[in-house]
Amino acid sequence: MGFKLDYLLSILPALMRAAAVNIRLALLIMLLALALGTALTILRSRKIAAVNAFIAVVISFVRGTPLLIQIFIAYYVLPAVGLDLSPQVAGVSAIAFNSMVFVSESMRGGLATIDSGQIEAATALGLPPRAIWFKVVLPQLFRRIVPVLINEATIVVKGTALLSVITVVEVLRTAQQIASASYRPFETLIGAALMFLAINLVISLSGRVAESRFARSRI
């Protein structure tokens, strides 16, 4: 069975419609990961020993186990404790929780590059801690970790393909369904790969534009 370009072109519209699901889920996941990662970073900066010890255990689990297992836990294990989530909610929760940890780790590293004198000056001026975080620290921190966030966004997009195993109908599951009906897995898998490649190229290009603008603003 040879490769047929016209068949590949014929299934692209269906895969593009399915890719909209991946994009929507990835956007939601990144928003959650940014919000939760920021909250986790602020919490860790308070240096409460018991809290940081618990967070360290959670981070070790997330970094030391495959994302696929974390998705299975959210979908198959949580119902056993009374938390029955739909496939999309379970998948988004698992990937956002995973991404939150890596966003927080990146922010923690970025914090070390911010001049502590700015924080001391803001404190001397009487700014409350919340204002110092949101008006002094976080704007600089987000600009400095843009490349890391772009890389994390591409990882999240690829991670949404794993949701096919818990029946979320996205690009990969759509490709599998088409391949099962047509017995042409070669073209369908190439089509799915092209969808993820196109999405991540757009993300990478957007990241470069953002980096360029931030660099010009610092001149």
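Along the sequence shown, the residues carry numbers beginning at 1.
Checked by atom type and distance alone, the side chain of Ser204 never pairs as donor or acceptor with a backbone atom of Leu201 at under 3.5 Å. No donor-acceptor distance shorter than 3.5 angstrom exists from the side chain of Ser212 to the backbone of Arg208, with no hydrogens or angles considered. For Ser45 (side chain) and Ile42 (main-chain N/O), a donor-acceptor pair under 3.5 Å exists by modelled atom type. Within the 3.5 Å criterion, the main-chain N or O of Thr65 finds a donor-acceptor partner in the side chain of Gln70. Between the Ser104 side chain and the Val101 main chain, no donor and acceptor come within less than 3.5 Å of each other.
Here the straight-line distance linking atom NZ of Lys158 with atom CG of Leu172 works out to 14.0 Å at 0.5 Å rounding. Expressed to the nearest 0.5 Å, how far CD1 of Ile199 lies from CD1 of Ile23 amounts to 4.0 Å. The structure places CD1 of Ile95 at 12.0 Å from CE of Met30, a figure rounded to the nearest 0.5 Å. From Leu12, atom CG reaches atom CE of Met195 across 5.0 Å, with rounding to the nearest 0.5 Å. Note that CD1 of Ile119 and CG of Leu127 are 11.5 Å apart. Values are rounded to the nearest 0.5 Å.
The two residues Ala192 and Ala175 make their nearest non-hydrogen contact at CB-CB, 4.0 Å. When all heavy atoms of Glu170 and Arg173 are compared, the pair lying nearest together is OE2-N, 2.8 Å.
Side-chain contact, Thr160 with Asn22: a donor N or O sits under 3.5 Å from an acceptor N or O.
Here the rule is side-chain contact (heavy atoms from CB on, under 4.5 Å) with Gln140, and of Leu138, Val137, Val136 only Val136 fits it.
For Phe54, the CZ atom counts as loosely surrounded, since its 6.0 Å shell holds 12 or fewer non-hydrogen atoms of other residues, nucleotides or ligands. Around CZ of Arg24, the count of heavy atoms belonging to other residues, nucleotides or ligands within 6.0 Å exceeds 12.
Taking the charged nitrogens against the carboxylate oxygens, Arg108 and Glu105 do have a contact shorter than 4.0 Å, which makes a salt bridge.
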Practice item. Determine, stepwise, if the pair Val165 / Tyr75 fulfils side chain to side chain contact (heavy atoms under 4.5 Å, CB included). Key: CA-CA 10 Å; Val165 300; Tyr75 188 58; over 6 Å; no
**Study point:** From CA spacing to verdict: side chain to side chain contact (heavy atoms under 4.5 Å, CB included), Ile73, Phe61
**Key:** CA-CA 12 Å; Ile73 290 174; Phe61 173 79; 3.8 Å; yes
